[in-house]
Amino acid sequence: MPAEKDDINSFDTINATKLEIPFEWQITLANGLWWKLDKKIHDHEFVIPDYLKVDPKNIILLEE
């Protein structure tokens, strides 16, 4: 989801790339993380937001 610079769990999208796939946009960040954002039908123009964030309730801590 789009975010502001000071939001918790936000990532900047400097040097990010986008790929249009049939039902969503895939954004790949410079650090290798990627996001998928829903796309509206016939929406072929998309500007990558300056920041993306992860909702804290969607983070799962994995431990060995």
Side-chain angles (χ1 to χ4, degrees):
M1 73 179 62
E4 299 296 323
K5 180 179 182 178
D6 297 327
D7 287 349
I8 295 174
N9 300 322
S10 67
F11 297 86
D12 69 59
T13 58
I14 297 171
N15 298 322
T17 59
K18 66 181 177 182
L19 176 65
E20 181 180 7
I21 49 182
F23 301 105
E24 53 200 5
W25 291 97
Q26 180 176 318
I27 301 170
T28 304
L29 304 179
N31 63 7
L33 294 175
W34 51 269
W35 252 263
K36 289 188 176 184
L37 298 174
D38 290 337
K39 178 177 103 173
K40 294 182 174 88
I41 194 163
H42 306 299
D43 180 14
H44 301 289
E45 296 298 321
F46 176 74
V47 176
I48 299 173
D50 291 336
Y51 293 90
L52 293 170
K53 70 178 176 181
V54 177
D55 187 341
K57 69 179 181 183
N58 293 328
I59 297 176
I60 299 172
L61 178 61
L62 302 176
E63 296 183 29
E64 264 188 42

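This structure is a prediction, so every number in the text was calculated from the model and none was measured.
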Residues passing the side chain to side chain donor-acceptor pair (under 3.5 Å) test with E20, sequence neighbours excluded, are K39, H44

Sequence neighbours excluded, the answer for side chain to side chain contact (heavy atoms under 4.5 Å, CB included) partners of I60 is L62

Residues pairing under salt bridge (Lys or Arg N to Asp or Glu O under 4.0 Å) where one sits in residues 6-16, two or more places apart or in two chains, turn out to be D7-K53

For T17 and I48 the tightest heavy-atom approach is C-CD1, 4.0 Å

For I14, the hydrophobic cluster (side chain heavy atoms closer than 4.5 Å, chained through members) also holds none

Tabulate below the donor-acceptor pairs under 3.5 Å that side-chain atoms of residues 25-32 make, not counting sequence neighbours, or state none.
residue	atom	partner	partner atom	Å
N31	OD1	L33	N	3.0

Students should find that the hydrophobic cluster of I8, defined by side-chain heavy atoms under 4.5 Å apart, otherwise consists of none

Across all chains, not counting sequence neighbours, the salt bridge (Lys or Arg N to Asp or Glu O under 4.0 Å) partners of K18 are none

Contacts of W34 meeting ring pair (Phe, Tyr, Trp, His ring centres under 6.0 Å) (sequence neighbours excluded), chain-then-number -> none

> Has the side chain of S10 got a donor or acceptor atom that lies under 3.5 Å from a matching backbone atom of L52?
Replying inline: no

Excluding I21, membership of its hydrophobic cluster (Ile, Leu, Val, Met, Phe, Trp, Tyr; side-chain heavy atoms within less than 4.5 Å) reads L19

So CG of L37 and CD of E24: to nearest 0.5 Å the spacing works out to 8.5 Å

